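A short write-up of the structure that comes next.
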Amino acid sequence: DHLEEDVTIIIVTHGLALRLFLMAWFQWTVEEFEDTENPPNCGLAVMERITGEDRYKLTAEAAKILGCDKNKSTEKHPPSTSPGGSQMPPPPDQVPWA
C-alpha cells in the first residue's frame, strides 16, 4: 500500500508508459502531457512523498528531465484520497474494451 510509512515502489518501464502513468497520477491535461518529454535511456523519474501528507511530488531533477514546466501540477494526493474521489485507471484486464 502506497500509504505505508516506509514503502518504496519501483516501476521499470518505457518513456511513453511512464509519461502516461504520470499523466493519470497528476491529472495532467492532454496539452500538459504533450509538453512533456520522454526521459533519456535509464533516466529516473522519482516521486517523493511529501512529509506529513498523503501526497507525492516529482523531484526537481525528474521534472527537469521530463520537461515539466511550473504550470504543470507535479504534486497530487494519492488516488484513494484525492479530492473528488478520482482514481487511477483500472488494470487492463478490467476495462470493458479489453
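All of these numbers come straight from a predicted model, not from anything done at the bench.
- Residues passing the side-chain contact (heavy atoms from CB on, under 4.5 Å) test with Val30 are Met23, Glu34, sequence neighbours excluded.
- One finds the CZ atom of Arg19 at 8.5 Å from the CD atom of Glu37 (value rounded to the nearest 0.5 Å).
- For the pair Phe26 and Leu58, the minimum side-chain heavy-atom distance is below 4.5 Å.
- Atoms CD and CD, from Gln27 and Glu32 in turn, are 10.5 Å apart once rounded to the nearest 0.5 Å.
- Between Phe33 and Leu20 the shortest side-chain heavy-atom distance falls below 4.5 Å.
- Contact between Gly15 and Pro39 at its shortest, heavy atoms only, is CA-CD, 3.8 Å.
- The side-chain heavy atoms of Ile50 and Tyr56, taken from C-beta on, include no pair separated by under 4.5 Å.
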Problem set entry | Pair Thr59-Lys64, side chain to side chain contact (heavy atoms under 4.5 Å, CB included): steps then yes or no | CA-CA 9 Å; Thr59 61; Lys64 182 178 178 181; over 6 Å; no
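- Shown here for Ala45 and Ala62, the closest heavy-atom pair between the two residues is CA-CB, 3.7 Å.
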For this session: Go through the steps for Asp35 and Trp28 under the test side chain to side chain contact (heavy atoms under 4.5 Å, CB included), then give the verdict.
Result: CA-CA 10 Å; Asp35 286 341; Trp28 292 339; over 6 Å; no
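- Applying the side-chain contact (heavy atoms from CB on, under 4.5 Å) rule to Thr13 yields the partners Ile11, Ala17, Leu18; only residues at least two apart in sequence or on another chain are considered.
- One finds the CG atom of Asn41 at 10.0 Å from the NE2 atom of His14 (value rounded to the nearest 0.5 Å).
- Heavy-atom minimum distance, Asn38 versus Leu16: OD1-N, 3.4 Å.
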